[in-house]
Visitor: 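Before we start, here is the structure in question, set down as structure tokens.
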2 protein chains.
Amino acid sequence: MPPLKTRIAATARRLFLDQGVDGVSMRKIAGQVGVSATAIYRHYRDKDDLLDEITEDGFSIFRDYLTRAVSSGRAAERVRGLARGYLDFALDHPRYYDFIFIIPRHNVRRFPDEMARRDDLSFHLLVEQVRQAMSEGAFVAGDPSETALTIWAHVHGLTSLHRAGRFGANNDTFRALYNRSVERLFTGIEVPGEVNP
Amino acid sequence: MPPLKTRIAATARRLFLDQGVDGVSMRKIAGQVGVSATAIYRHYRDKDDLLDEITEDGFSIFRDYLTRAVSSGRAAERVRGLARGYLDFALDHPRYYDFIFIIPRHNVRRFPDEMARRDDLSFHLLVEQVRQAMSEGAFVAGDPSETALTIWAHVHGLTSLHRAGRFGANNDTFRALYNRSVERLFTGIEVPGEVNP
DNA sequence: GTCTATAGGTGGATAGAC
DNA sequence: GTCTATCCACCTATAGAC
């Protein structure tokens, strides 16, 4: 039998994955572990302390998805890979996605300074691929973190609408829609105008 | 003194605007109106019935913003106007914005069929401007509702990130960022490639 | 470290008297 | 129509015994 703290954490995570963050309560955890609710407080200062672990799990999985997605090809292809990785994470781990990206949190990192820091691997990764794509001449020149923000906002907008049920329950249908929308972002929706004086 | 139902509705709305939807409870409303909590049930079937009114208020204000924003110029300009109107609504009425677009709701309209219906004025308005812009040759030809979705997802992504505190509290800074990002969506972020066989 | 007992709080909703 | 009295279902967290 693993230590109690481990069992508490595992039970909290299972409750979270089954029912979302609102389904996590000290009483439920205690009931399923088979101890009294107060016993948890010997191992965690309070509920936030417990949820922080879940948050870290989520970010860790998210980073894995992005890191894997960025492996190959030219910079522009790697950016497309990151967009796919973002979606894959959301479809494979919807509870974590909701918790990290939709449900309001305290202490969010702010654009651009706090997010461009080297230790925020996820956004930093995107910015660096965008910078690379710009220097290869594949992307329109500009501020890499602003263009990265545009991409991030776009994939976040699409994905959060999907999570809100706007596209029905079929993930494959949504994936195709998502990819087409990302391509439209890449190529633009407006026909380039005549050069007007 | 207005009828009790009117006072209940007004108090509920004020609580909602002050504290968000979580700040609305039957007890609080009753306390502020000066009646018992149970009295409310003579006028509203249950709490959802009350919140439906607030939802309707929000949509009504939202429609006003879009209708006003779409008035003038060529179709592409009107689409830009709609993007601005969306942002203006979110900045002027953040509680309604959160309630309508971020907090999960039941019975959302789905893309594309339910949303393209003539009576969903807001999305329909956008689709029609996009269709017009395409037929003027200003927008890249395609399915108008898909391009409209791309625009909607983009402005929603940016705005919901702002509402989550990702850009700090300064609305003017965000507005400038938002406009630049929308322009990048219009023109595309990728340099048009050589025509490859 | 874990327990019982308890404090102290939120909330929605109903029965039946007036 | 409105009240009081209640029921019910939750929740976080602490004190102090063992």
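Proteins get letters first, then strands, A, B, ... in listed order; numbering begins at 1 in each.
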Visitor: When the ring planes of B/Y96 and B/F16 are compared, do they come out parallel, tilted or perpendicular, using 30° and 60° as the limits?
Guide: tilted
Visitor: Can you tell me how far P of D/dA15 sits from OH of A/Y41, to the nearest Å?
Guide: 13 Å
Visitor: Any idea which of C/dG12, D/dA13, C/dT2 is nearest the A/L4 side chain?
Guide: C/dT2
Visitor: Which part of the nucleic acid does A/K5 contact within heavy-atom distance under 4.0 Å: base, sugar-phosphate only, or nothing?
Guide: nothing
Visitor: Among the nucleotides C/dC3, C/dT14, C/dG12, which one has an atom lying closest to any side-chain atom of B/T38?
Guide: C/dT14
Visitor: Tell me: CE of A/M26 to P of C/dT10, nearest whole Å?
Guide: 20 Å
Visitor: Between A/L15 (CG) and D/dC11 (C1'), how many Å, whole number?
Guide: 14 Å
Visitor: Please tell me which of B/R42 and B/K47 maps to the more 5' nucleotide of DNA chain C, matching each residue to the nucleotide holding its nearest heavy atom.
Guide: B/K47
Visitor: Quick one: do A/L91 and A/Y97 satisfy side-chain contact (heavy atoms from CB on, under 4.5 Å)? Show the steps, please.
Guide: CA-CA 8 Å; A/L91 295 183; A/Y97 178 81; over 6 Å; no
Visitor: B/R27 has a side chain; which of C/dG12, C/dC3, D/dA13 sits nearest to it?
Guide: C/dG12
Visitor: Within the 3.5 Å criterion, strictly below it, is a donor on B/Q132 or B/R78 matched to an acceptor on the partner's side chain?
Guide: no
Visitor: Using atom CG of B/D22 as one end and atom C1' of C/dT10 as the other, report the distance to the nearest whole Å.
Guide: 12 Å
Visitor: Without decimals, in angstroms, what is the distance between B/L51 CG and C/dG11 P?
Guide: 13 Å
Visitor: CG of B/L50 versus P of C/dG11: gap in Å, rounded?
Guide: 14 Å
Visitor: Starting from A/I103, can I reach A/F89 by hopping between I/L/V/M/F/W/Y residues whose side chains sit under 4.5 Å apart?
Guide: yes
Visitor: Given C/dT2, C/dA13, D/dA13, which nucleotide is nearest the side-chain atoms of A/A39?
Guide: C/dT2
Visitor: As a test of reading the structure: which of C/dT2, D/dT2, D/dA13 is closest to the side chain of B/H43, going by heavy atoms?
Guide: D/dT2
Visitor: Do the side-chain N or O atoms of A/S36 get closer than 4.0 angstrom to the phosphate oxygens (OP1, OP2) of C/dT2?
Guide: no
Visitor: Examine B/H162 together with B/Y178 and report whether their ring centres are nearer than 6.0 Å.
Guide: no
Visitor: How close or far is atom C1' of C/dT14 from atom CD1 of B/I40, stated in whole angstroms?
Guide: 14 Å
Visitor: Considering only D/dA13, C/dA13, D/dC11, which nucleotide approaches the side chain of A/S25 most closely?
Guide: D/dC11
Visitor: Output the rounded distance in Å from OH (B/Y44) to P (C/dA13).
Guide: 14 Å
